[in-house]
Every structure is written in structure tokens, then in C-alpha cells.
Visitor: 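Please read through the structure below; I'll follow up with questions.
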Number of protein chains: 2
Amino acid sequence: MPTYRAPVKDMNIILNDVLDISQYTHLPGYEDASPDLIAAILEEGAKFCENELAPLNLSGDQEGCTRADDGSVTTPKGFKEAYAKFVEGGWAGLTNDPEMGGQGLPHLLGFAVEEMLISSNMAFAMYPGLSGGAKASITIEGTDEQKAMYLPKMVSGEWTGTMNLTESHCGTDLGLIRTKAVPNSNNSYAITGQKIFISAGEHDMAENIIHLVLAKTPDAPKGVKGISLFIVPKYLVNEDGSLGERNGVVCGSIEEKMGIHGNSTCVLNYDGATGYMLGTENQGLRAMFIMMNAARIGVGMQGLGLSEVAYQNAADYARDRLQMRAISGAKNPDGPADPIIVHPDVRRMLMNSKSFNEAARAQALWCALLIDLSHKAEDEKQREWADDMVSLMTPVIKGVFTDRGYENATASQQVYGGHGYVSEWGMEQFVRDARITQIYEGTNGIQALDLVGRKLGANGGRAIQRFFKYVATEIEAARGNDKIADFVKAVESANADLQRAAMWLMQNAMTNPDNAGAGSTAFMHLFGHVTLGLMWMKIAKISADKLDEGTDDPTFFENKLITGRYYINRRMPEIKFLLAELEAGADDVMALEAANF
Amino acid sequence: MPTYRAPVKDMNIILNDVLDISQYTHLPGYEDASPDLIAAILEEGAKFCENELAPLNLSGDQEGCTRADDGSVTTPKGFKEAYAKFVEGGWAGLTNDPEMGGQGLPHLLGFAVEEMLISSNMAFAMYPGLSGGAKASITIEGTDEQKAMYLPKMVSGEWTGTMNLTESHCGTDLGLIRTKAVPNSNNSYAITGQKIFISAGEHDMAENIIHLVLAKTPDAPKGVKGISLFIVPKYLVNEDGSLGERNGVVCGSIEEKMGIHGNSTCVLNYDGATGYMLGTENQGLRAMFIMMNAARIGVGMQGLGLSEVAYQNAADYARDRLQMRAISGAKNPDGPADPIIVHPDVRRMLMNSKSFNEAARAQALWCALLIDLSHKAEDEKQREWADDMVSLMTPVIKGVFTDRGYENATASQQVYGGHGYVSEWGMEQFVRDARITQIYEGTNGIQALDLVGRKLGANGGRAIQRFFKYVATEIEAARGNDKIADFVKAVESANADLQRAAMWLMQNAMTNPDNAGAGSTAFMHLFGHVTLGLMWMKIAKISADKLDEGTDDPTFFENKLITGRYYINRRMPEIKFLLAELEAGADDVMALEAANF
């Protein structure tokens with residue numbers, strides 16, 4: 001069975017050294033986030049994930065969720081008890097508003113803990129994970145009454161939340177939804193329709209589930225301009241906060257799917273269920289995007305979390321498994337064969353993962369800091385700047401982290417040879433679980449289009465110009481140390497290539513918009529190399545400084561330099577391919593008649 | 001449920017036009033292989049695969065194989081009946097020696113039919129597929145008695161065969177095997193040990209199963225020089241050919257695995273089972289490699305077959321599914337949305353598959369022709385040349401086709417969005433089935449090492465030099481037609497890059513052998529681009545000629561030019577990345593201490 005060791009040391013160093021969060025003590029929530037407090041929380045989170053959640057991952061996959069005839073759903077053995085401990089430990093409200101009962105800690109810490117939850121048990125992590133988006137939407141769009149009624153119990157974790165977007169005929173194209181919301185006399189609506197693919201849609205772990213549901217009011221305009229968002233609790237809530245009658249929403253079936261079997265992915269049937277409008281009529285999509293953006297970054301974290309845990313197990317296996325001799329001469333002459341970690345091609349697979357994971361972790365935590373800055377910075381300009389960065393990072397983290405997560409989970413499975421294909425080793429589960437992350441919350445193709453079609457051009461290209469400038473500033477800051485000159489050079493070159501690609505898109509999408517669509521995925525991955533390369537440059541700078549200054553763990557920082565060099569020398573050259581693919585344009589993509597595929 | 005349409009027209013044109021097999025009527029088996037006969041056999045094969053096998057694919061996955069307490073295995077519903085029809089139709093012995101009851105047709109046809117079998121039902125195709133390698137080994141290594149005893153029933157398909165290599169502690173490193181073969185008094189051996197991952201190891205479709213088993217005799221030398229190969233029939237065979245007593249080999253369990261659930265992957269326990277040595281004592285590995293090479297190309301075909309069927313279904317879905325509007329303006333203005341095939345990023349995924357499938361099919365059939373030439377050409381030089389080419393193509397086809405097969409199956413699943421993750425659509429099965437092809441019969445890392453470490457240097461680099469020369473000749477032959485000048489240029493450039501990579505490996509592996517290991521996978525994929533590009537150049541030449549001459553189906557050939565251009569413009573630029581990765585060398589790969597992963 002796979003094991004998991006939370007990368008606590010790495011997280012501490014990213015937070016305290018690479019991102020130097022001590023600069024931000026003026027932000028609400030950061031005042032108290034001292035290195036000691038951070039370390040303590042990460043240690044506690046690590047213990048919970050390693051000891052309570054990881055042991056339930058394989059059994060949760062094998063057992064899956066079961067639906068009874070009345071529509072109730074039983075989660076795998078141990079999930080309910082683990083969730084109770086999760087709530088008891090205060091993990092549900094870690095970063096939520098203290099006024100609602102949360103701990104008000106920085107998103108940074110929430111992201112770090114989220115990675116651990118996912119690595120140890122992604123199917124479990126999705127139950128509280130979905131609540132996060134729902135809480136964010138109610139916080140921003142809800143009336144005071146709605147907030148008071150729902151948030152405290154959601155923050156404590158006693159209740160969970162869901163997102164209900166998809167119907168069988170529409171996923172990406174939400175303008176097509178058919179679910180109806182007909183006004184009742186008492187300010188509520190009667191919601192009727194069927195939603196599919198609802199993660200954590202029904203379960204036995206919490207006493208109530210707050211569904212956020214997209215639906216159309218009777219005279220709503222056509223398309224996306226006629227969508228409203230509704231709060232539909234599984235149990236209606238009385239004025240005094242106690243649970244009232246069971247609402248008209250039932251799990252019709254659990255989807256049979258490739259992975260995440262421990263999470264109940266439901267078809268939910270709404271039959272005149274009572275719902276309450278959240279936010280403004282016909283502006284449900286905007287409200288939904290509050291959820292969606294949080295969820296997209298969360299999905300990106302799933303890519304990282306699975307890449308990390310799969311890598312850890314593959315590295316352990318590669319150290320243990322004896323097979324063949326090193327090409328450069330026996331390394332374990334007294335044994336029957338050498339451990340397979342001596343073979344360069346095995347290391348290649350491990351290093352591909354490792355060199356992604358460590359930079360991706362830094363990027364994710366940087367993005368968390370940006371989210372906090374975008375909400376909490378005093379200076380409006382700084383909030384706007386941070387928000388611009390988050391708008392770019394959201395599709396990049398979702399799209400790139402999940403594509404790499406699947407690739408790395410696959411490569412880690414490959415390290416096991418035939419044993420990787422057999423269920424009992426747990427490696428094939430990581431691959432099946434990782435596969436959904438490229439699909440849900442907007443397929444990665446949609447992420448790439450969001451980046452190229454919406455984010456690049458927004459406000460006259462303000463965000464991307466700011467990003468280029470930021471990278472240039474970071475390059476200048478790193479240029480001082482000759483020992484990392486190769487990192488600086490790599491990021492400089494990559495940033496220039498990204499600028500060239502962005503310019504190409506702007507020029508060529510005007511003559512033919514398909515040029516943007518045909519190059520969007522390549523552009524997103526090119527962007528990913530720039531941000532990951534940038535993170536490596538920052539990590540390399542800190543590492544070189546630490547080694548210069550003297551540190552009690554030089555090996556840790558030397559390994560950072562080794563791993564970073566692997567990334568810039570062996571991974572970033574993919575940029576040249578991506579640029580060529582992008583600049584090849586749309587002609588060859590669009591030439592074939594649809595009938596001739 | 002997925003459907004399948006065998007690409008019969010494409011196969012006919014590759015055989016008759018691209019490879020022009022009418023040149024080879026002097027080879028045994030080719031005399032009668034007229035275009036009409038080929039077309040008739042392909043049509044029959046297509047019917048069988050489309051109508052009998054494809055409908056059993058999804059149900060076979062869902063049902064899986066069942067082992068009873070006595071070790072007997074029941075295959076999924078319909079498999080036994082379909083296999084009976086397979087035998088009745090004469091498909092088992094299509095390319096086998098007429099003296100043993102085979103039809104003696106060219107391997108070319110066998111490969112084409114194999115692709116159809118795999119696309120329609122890979123788990124089924126593996127039952128007769130494994131027999132192929134076993135028949136080849138007995139044909140080459142067996143005594144006349146052994147051939148007479150086993151081959152006719154295996155050729156007819158009444159009996160099937162297996163390959164027994166792996167034990168739980170050794171897969172790649174066969175020198176470590178522990179299965180013992182102790183001589184009996186009567187020229188037979190008592191085989192004792194446990195083999196794992198034995199595909200088609202036990203089932204109810206044939207009356208006997210002929211296991212070929214690697215084992216060590218009591219005084220065998222250590223390592224791979226002490227391995228012998230044994231024939232171990234499930235039922236002993238009497239002198240008169242009738243079945244005798246049940247042999248001491250039993251299925252201990254069926255592996256729970258990620259995919260190919262319709263195939264019984266067995267743990268086989270040998271408890272003093274009676275075995276007969278095949279070939280020379282202690283030279284079992286050589287005998288095994290006869291099987292293995294055939295099997296490796298067969299696994300490569302699995303990559304192609306799954307890529308093809310997944311692509312076909314994704315293309316159908318993309319034409320049907322209505323979602324969003326084309327970025328260049330509505331294409332289906334009267335409908336609620338446009339079919340998703342209008343979106344460039346969806347087309348990108350489809351074209352990646354299509355542009356691989358059609359060239360890979362040509363490459364596979366070319367390889368089949370080379371196999372026939374290597375056995376049957378009158379001129380010894382030509383046999384040697386063909387054998388050199390096959391030695392290079394084997395790891396390239398196995399490694400590249402299966403990596404691409406998995407990638408393309410994944411991309412085709414992606415076209416379905418969330419529906420692709422749900423089992424009932426069948427797309428996730430293609431991904432799970434494809435995953436094993438990168439692992440078994442030697443992981444793709446082993447293929448890359450075989451190519452770089454053994455094949456490149458063999459006979460002073462004779463094979464690779466011959467390959468470069470062959471490509472140069474083909475380039476010259478294609479240079480005449482200006483309409484395909486872009487294809488010629490692309491292949492010329494790719495071939496130069498491959499030469500540069502080969503040269504780099506030769507020079508740098510001398511100073512540090514890890515440089516070969518660290519670059520082997522990149523080299524293999526670079527090689528794949530050259531061979532696939534070469535195939536596109538040949539197809540483009542035929543297509544341009546046909547269009548010049550006038551043809552009754554110009555669209556078919558115009559589509560070839562479009563699809564080929566997609567490959568050379570958007571896929572082959574990956575070569576620059578692969579070359580950079582290779583030339584980055586082993587240093588960054590090997591720098592980290594094993595303990596620090």
C-alpha cells in the first residue's frame with residue numbers, strides 16, 4: 001500500500017524564505033502567522049493526513065460509495081470517522097472569517113494543508129474541498145441573513161457544500177441549462193431539473209449539504225445572461241438554525257467512473273426543491289465564477305498533490321527494487337542486482353516529477369499569497385496587481401499542474417513495471433484519480449482558451465504586461481549571484497519566448513481567431529514553463545544565499561540547485577517545441593472537413 | 001457504447017500503393033496476395049471484428065474473468081463463442097506455415113488483421129495474440145516431434161499458447177528467475193515455481209494451453225546464461241495427439257489490475273509439472289527472444305489499435321456534441337450550439353491522433369513486409385538488410401506506438417469532457433487498456449535502452465547506417481514532386497537531427513555510459529518522428545501522384561496531404577526538444593544521491 005510523507009520542510013522554506021511572508025504581517029491573518037505557528041500547523045496537518053487519511057485511500061477506492069434505494073449514500077469505511085476528526089481539528093475553517101467561526105489564517109496555509117489532504121486521500125479531500133467554493137460564493141454574494149444561516153455551520157464543517165452546474169447536455173456551455181427556478185410566494189423558488197457529475201453530492205459525513213445550483217427563472221433571457229444561482233439545502237433550515245424538513249433533492253444514482261471512487265459523484269434530481277436566490281437574478285454565472293476560480297486552483301493543487309505522492313512511492317520503490325546492473329558498473333555488488341534507481345531512465349522519470357513538484361508547490365503558495373493580497377492589501381493598486389496575477393495563474397495552475405500531474409502519476413506507475421498495473425500497489429489509482437483533474441472545473445482546453453481568449457486581452461493586456469515586468473524585476477534581483485547565472489539565463493530566454501508567443505497570438509488572432517484557439521494549449525504550457533522556471537530561479541537564489549551564508553542543512557539546498565538545474569536544462573527546452581507548434585498556426589488544424597475525420 | 005469501423009480502405013492503399021506489394025510476388029505467400037484477395041480478407045476480418053468482437057469489449061471489461069476454486073477460469077460472456085468463430089474462420093493460422101495447416105499468407109495481412117482485432121477488443125485479441133509468439137518459438141526451436149505434436153492444433157487455434165517469464169521478484173532481470181526444472185527419467189523435466197502476470201494464462205476458450213516457461217536446470221550457470229525454455233502443456237499430449245492427464249500447473253489467482261479485464265492475467269503455480277525442453281539447454285533466453293520480438297511488435301500494434309478506435313469515437317462525438325459557438329462565428333446557427341469539432345483545440349486533439357494513426361499503420365505494415373523479407377527473400381544480403389531494419393523498428397514500434405497510443409486514448413477521452421470519465425461511454429477503458437502496453441513485454445524504458453544500447457552499436461553500427469541511407473534514398477525518390485517539397489524538407493531535417501543524435505550518443509557514451517541511458521527515451525521518440533515522417537512523405541508522394549493522374553476519390557488523397565502536413569508542421573518540431581533533452585546529458589539526471597529523492 002502506498003505511503004505518504006508530507007513535505008513539511010519544503011513548505012516551511014517556501015513560506016518563510018522563498019516567499020518571505022514575514023513581509024506581510026500588516027495583512028489581516030498574517031499578524032500571527034509566525035514561522036513557529038506555521039510550522040506547528042503544518043506538522044499537525046501532516047500527522048492527520050499521514051495517519052488518518054492516507055491509510056483510507058486504497059480501501060476507499062476499492063470499496064467506493066454505495067447508494068441505497070432511498071437515495072442515501074454511504075461513504076467508504078472510515079471516511080465518516082475521519083471527517084469527524086477533520087471537523088474536530090478545526091481544519092474546515094482554517095482560512096475562513098473569524099466572525100463566522102473560522103481561524104482567519106492566510107490562504108497560504110490553507111493551500112499547504114490542501115496539498116497534504118489531496119496527496120493522502122484525494123477522494124476524501126474533495127468533500128471539504130467543494131465546501132470551500134460554496135463558502136466563498138455565499139461570503140461574497142450572500143445577504144447577511146444567508147451568511148448567518150449557512151456560513152457558521154459550513155465553516156465549522158458540520159455542513160458541507162456542493163456546486164451544481166452540469167446537466168447531461170451541457171457542461172462547458174452553461175447557457176444551455178434547463179433546470180428551472182419558479183418563484184414561490186414566500187421569496188423562495190421551486191427548483192426542478194437534473195444535475196450530473198455532482199462531486200460530494202450526497203453522503204453520510206455531515207448533517208446537512210448546501211447545494212449551490214444554477215437554474216433559470218421563467219422569463220430569464222436566453223443563454224448565459226439568464227442564469228441565476230440558488231442555495232438549495234438538503235435539509236431546510238429553520239429560523240433558529242435547527243434542521244427542518246427534507247428538501248426535494250435526491251441522489252438518483254452514483255456515476256460509475258474511472259477513479260475517485262471514494263467520492264460520491266452524483267446525479268441529483270431536483271423536484272420542486274426549495275431554493276433561495278444567491279446574489280442577483282440572471283447574474284448567477286458571475287457568482288458561480290467566484291466558486292469556480294477557487295475550485296480551479298484547487299484542482300490544480302490536485303495535480304500537484306497526486307504528482308507528489310505518486311513520486312514519493314516511486315522513489316521508495318526505485319531504491320528497494322533490485323533489477324539489472326548499473327550501466328556504469330555494479331553499485332550493489334553483494335546483492336543479486338542493483339536498485340533500479342541507478343538506471344538513468346528511471347531517474348529521468350523521478351526527476352521529471354521532482355523538478356515539477358517543488359517548483360509547482362512554490363507557485364501554488366505564491367498564488368495563495370496573491371489571493372490574500374488581492375483581497376487584503378491596503379493599497380488598491382496592489383490589490384489590482386495581485387488580482388491580475390491571480391487571473392493569469394488560475395488557468396495556468398489548473399491546466400498545467402493537472403496535465404503534469406497525470407503525466408507524473410503515469411511515470412511513477414511506470415517505475416513499478418508490471419506491479420504498477422496491479423491494483424494492490426495503489427499506483428494505478430493515482431493515475432485514475434489524476435485523470436479527472438484534467439477534465440472537471442473546465443477542461444484543460446477551456447483553461448487554455450480562458451488564458452488566451454480572456455485573460456491576455458483583458459484591460460488592454462494589463463495583466464500579461466504586468467507579469468512580464470514582474471519576471472524582469474525578479475531576473476534583475478537574481479542577476480547578482482553568478483552561481484545561479486544559468487537559472488537567470490533560462491528564465492530570461494523563456495520570458496522572451498513567452499512575449500514572442502503572446503505577440504504572435506495578438507497579431508495573428510486578429511486576422512484569424514482560430515489561430516488563438518489552435519495555439520492556446522501550447523501557450524498555456526509555455527506559460528507554465530516560465531512560471532515554474534521563475535520559481536526555480538527564486539528557489540535557487542535562496543539556496544545559493546543559504547549556502548553562502550552557511551546553513552545547518554547544506555544538502556537540502558544543494559539538492560534544490562541540482563533539481564532546479566534538471567528542470568531548466570531538460571524540461572524547459574520544450575518551450576521551443578511549444579513555440580513552433582503555436583506559430584504553425586491554425587491552417588493545418590482547420591483544413592479537414594468535419595465529415596472527413 | 002463505442003463503435004468501430006475497420007480502416008479497410010486505408011489498409012488497402014498502404015499495401016497496394018504505398019508499399020506496392022505487387023513487387024514481391026516472388027516471395028512465398030505473396031504469389032497469391034493479389035489486391036482482390038487482400039481486399040476480400042480485410043473485408044471479412046473487418047466484418048468479424050466490427051460485428052462479433054467490438055460488441056463484447058465493454059461488457060468484457062465490466063464482467064472480467066472469474067476463477068473458480070479449482071483454478072479454472074471463466075472468460076466474460078460471449079468470449080468463448082467468439083473464439084470458436086475466430087477458429088472456424090481460419091483466422092488463427094492466417095500467416096502460419098501451410099504444412100502445419102496455416103494459410104501461409106504474408107505477415108502484412110496478419111498485421112492488418114491484428115490491428116482490427118485489437119481495436120475491436122484488445123483483451124480478446126490477446127488470447128490468440130499470445131499464441132503467435134509461442135508458435136514462432138516452437139517453429140524455430142522445436143524438434144520435428146515437438147512441431148508435429150503442438151503446432152497443428154495451435155495453428156488451427158484449438159490450442160492457445162502463453163509466455164511465462166516474470167516472477168514476483170524479477171521482470172526485466174530474467175537472470176534472477178528461480179523456477180526450477182529437474183530432469184525426470186523420461187527426457188522430460190519437473191517444473192516447479194511461480195510465474196506472475198501470465199496473460200491468457202488460464203481460460204475456457206481452448207481445449208489445451210501450451211505454456212512456454214523459463215526455468216533453470218539444477219546445475220545451470222548463474223544469471224541469464226543459465227536459463228532454459230520449456231514446453232509445459234496444460235494437458236499432457238499423448239503420442240496419438242489426444243489429450244492425456246492434467247499437468248501440474250494451476251492458476252493460483254487472477255491479478256486485479258487497471259485494465260484488460262477481459263483477459264485473464266494469471267499467477268501460475270507449477271508444482272512438478274511435466275515440461276519438455278525447447279531448444280538448447282541454457283539458451284532459453286535466445287529462444288524466448290523469438291517470442292519476445294514478435295510480441296513487442298504486437299504490443300506496438302496495440303498502441304496503434306487503441307489510438308485508432310479511441311480516435312474514431314472521439315471524432316464521432318465531436319461531430320455530435322453541441323457546445324459553445326465557433327470562435328470564428330456560428331457554424332450551426334439554427335441549433336442551440338455548434339458541434340465541438342468546430343473548436344480548434346478539439347481538432348488539435350483529433351488531428352494529433354489521426355496524423356499518428358495513419359503513418360503508424362504504414363510503418364507497421366512496412367515492418368511486416370520487412371519481417372517477411374528477412375525470412376523469405378532469396379538474396380541473403382536482402383534478408384540481412386531487412387533483419388537490420390526490423391531490429392531497429394522493433395523497439396521503436398513498441399516504445400513509440402504505445403506511448404502515443406496512451407496519449408491519444410487519453411486525448412480522445414478528453415474530447416468527451418466529463419462523460420469520458422464515466423465508464424458507460426467506454427472511453428476510459430481504452431485509456432486503462434492502453435496503459436499496460438507501455439509496461440509489458442519490456443517497459444518502454446527497456447525498449448529505448450535496447451535501441452540505444454544494443455541495436456545502434458550492433459555490427460559496428462551497420463543497421464543504423466543502413467537506415468540513414470534508406471531514408472536518403474527515399475528522400476531522393478520523393479524530391480521530384482514540388483507539391484510535396486515541404487514533406488521532403490521535413491524528413492531531411494529530421495534525418496539530419498537523428499544522425500546528429502546518434503553521433504552524440506556514440507561520442508558521449510564512451511566517456512560516460514550514463515549519457516546513453518539518460519538520452520535513450522528522447523532518442524527513441526526522435527527516431528519515431530523520423531520513421532513516421534518518412535511514412536508521411538511516402539504517403540504524400542503517392543497521394544500527389546494519384547491527384548496528378550486523376551483518381552475516383554480525390555478527397556481521400558487530399559485528406560492525406562492535409563493530415564500529413566499537420567504531422568510535419570505541428571508534431572515533428574518536438575524533435576528540437578528531444579534533441580536538446582538528449583544533448584543535456586546525464587549530469588543533471590545522476591547528480592542527486594539516491595537517498596535524497
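Naming convention: chains lettered A, B, ... in sequence-line order (proteins, then strands); numbering from 1 in each chain.
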Visitor: Roughly how far, to the nearest 0.5 Å, is CG of A:Asp588 from CG of B:Leu561?
Guide: 11.5 Å
Visitor: Which pair of non-hydrogen atoms, one from B:Gly445 and one from A:Asp345, has the smallest distance, and what is that distance?
Guide: CA-OD2, 3.3 Å
Visitor: Could you please spell out the steps behind the side chain to side chain contact (heavy atoms under 4.5 Å, CB included) verdict for A:Asp587 and B:Arg565?
Guide: CA-CA 10 Å; A:Asp587 293 352; B:Arg565 290 209 157 90; over 6 Å; no
Visitor: Is A:Thr410 close to chain B through its backbone or its side chain, or both, or neither, when contacts mean heavy atoms under 4.5 Å?
Guide: both
Visitor: Between CE of A:Met590 and OH of B:Tyr566, what distance do you get to the nearest 0.5 Å?
Guide: 11.5 Å
Visitor: Look at A:Ile436, A:Thr563, A:Asn596 and state which one has the largest set of heavy-atom pairs under 4.5 Å with chain B.
Guide: A:Ile436
Visitor: Heavy-atom pairs under 4.5 Å with chain A are the metric here; pick the option from B:Thr443, B:Leu176, B:Thr521, B:Val342 that has the most.
Guide: B:Thr521
Visitor: Just so I understand: if I count every heavy-atom pair under 4.5 Å between each of B:Ala580, B:Gly171, B:Gly175 and chain A, which residue has the most?
Guide: B:Gly171
Visitor: Highest number of heavy-atom pairs under 4.5 Å with chain B: which of A:Gly417, A:Gly259, A:Ser353?
Guide: A:Gly259
Visitor: Please look at B:Tyr311 and chain A and tell me whether the side chain, the backbone, both or neither of the residue comes under 4.5 angstrom of a heavy atom of that chain.
Guide: side chain
Visitor: Which residue out of B:Lys576, B:Met351, B:Lys222 racks up the most heavy-atom pairs below 4.5 Å with chain A?
Guide: B:Met351
Visitor: With a 4.5 Å heavy-atom cut-off, do B:Glu428 and A:Lys257 have their side chains touching?
Guide: no
Visitor: Side chain, backbone, both or neither: which part of B:Thr166 has a heavy atom under 4.5 Å from chain A?
Guide: neither
Visitor: Please name the pair of heavy atoms, one in B:Arg347 and one in A:Ala594, separated by the smallest distance, quoted to 0.1 Å.
Guide: NH2-N, 3.9 Å
Visitor: Determine whether A:Leu449 and B:His343 satisfy the following criterion, side chain to side chain contact (heavy atoms under 4.5 Å, CB included), listing intermediate values before the conclusion.
Guide: CA-CA 10 Å; A:Leu449 269 186; B:His343 305 308; 6.0 Å; no
Visitor: Within the structure provided, determine whether A:Ile196 and B:His419 are in side-chain contact (heavy-atom separation under 4.5 Å).
Guide: yes
Visitor: Is the closest side-chain heavy-atom distance between B:Gln62 and A:Glu256 below 4.5 Å?
Guide: no
Visitor: Using 30° and 60° as the class boundaries, would you call the ring planes of A:Tyr406 and B:Tyr406 parallel, tilted or perpendicular?
Guide: parallel
Visitor: Please check this pair: side chain of B:Arg435 against backbone of A:Tyr421, looking for a donor-acceptor N/O pair closer than 3.5 Å.
Guide: no
Visitor: Has A:Arg178 got more than 12 heavy atoms of other residues, nucleotides or ligands less than 6.0 Å from its CZ?
Guide: no
Visitor: Between chain A and each of B:Glu407, B:Arg321, B:Glu255, B:Lys354, count heavy-atom pairs under 4.5 Å; write down the option with the most.
Guide: B:Arg321
Visitor: Measure A:Ile327 against the heavy atoms of chain B and call it side chain, backbone, both or neither at under 4.5 Å.
Guide: both
Visitor: Does any part of the side chain of B:Arg348, heavy atoms only, come nearer than 4.5 Å to the side chain of A:Glu581, both counted from C-beta?
Guide: yes
Visitor: Find the one option among A:Pro513, A:Ala584, A:Gly519, A:Ala595 whose heavy-atom pairs under 4.5 Å with chain B are most numerous.
Guide: A:Pro513
Visitor: For B:Ser328 and A:Asp514, which heavy atoms make the closest approach, and how far apart are they?
Guide: OG-OD2, 3.9 Å
Visitor: Given the options A:Ala314, A:Ala586, A:Gly418, which has more heavy-atom pairs under 4.5 Å with chain B than any of the others?
Guide: A:Gly418
Visitor: What is the minimum heavy-atom distance between B:Gln414 and A:Gln438, and which atoms define it?
Guide: NE2-O, 2.8 Å
Visitor: Is the side chain of A:Arg570 donor-acceptor paired with the backbone N or O of B:Gly585 at a distance under 3.5 Å, no angle test?
Guide: yes
Visitor: Select, from A:Ile575, A:Leu579, A:Asn569, A:Val346, the one with the greatest count of heavy-atom pairs under 4.5 Å involving chain B.
Guide: A:Asn569
Visitor: Contact part of A:Phe556 toward chain B, heavy-atom cut-off under 4.5 Å: side chain, backbone, both or neither?
Guide: neither
Visitor: Take B:Leu322 and A:His169 through the test side chain to side chain contact (heavy atoms under 4.5 Å, CB included) and record every step on the way to the result.
Guide: CA-CA 8 Å; B:Leu322 304 180; A:His169 67 291; over 6 Å; no
Visitor: Pick whichever of B:Gly420, B:Ser520, B:Ser168, B:Gly453 has the most heavy-atom pairs under 4.5 Å with chain A.
Guide: B:Ser168
Visitor: Which atom names give the shortest non-hydrogen contact between A:Phe597 and B:Ala315, and what distance separates them?
Guide: CB-CB, 4.0 Å
Visitor: Which atoms of B:Gln413 are under 4.5 Å from chain A, going by heavy atoms: the side chain, the backbone, both sets, or neither?
Guide: both
Visitor: Go through B:Leu582, B:Ile439, B:Asn515 and name the one with the most non-hydrogen pairs under 4.5 angstrom from chain A.
Guide: B:Ile439
Visitor: With respect to chain B, which residue among A:Arg432, A:Gln429, A:Glu424 yields the maximal number of heavy-atom pairs within a distance under 4.5 Å?
Guide: A:Arg432
Visitor: So what's closer than 4.5 Å to chain B heavy atoms on A:Glu558: side chain, backbone, both or neither?
Guide: neither
Visitor: What closest approach, in Å, do B:Asp173 and A:Gln323 show between heavy atoms, and which atom pair accounts for it?
Guide: N-OE1, 3.1 Å
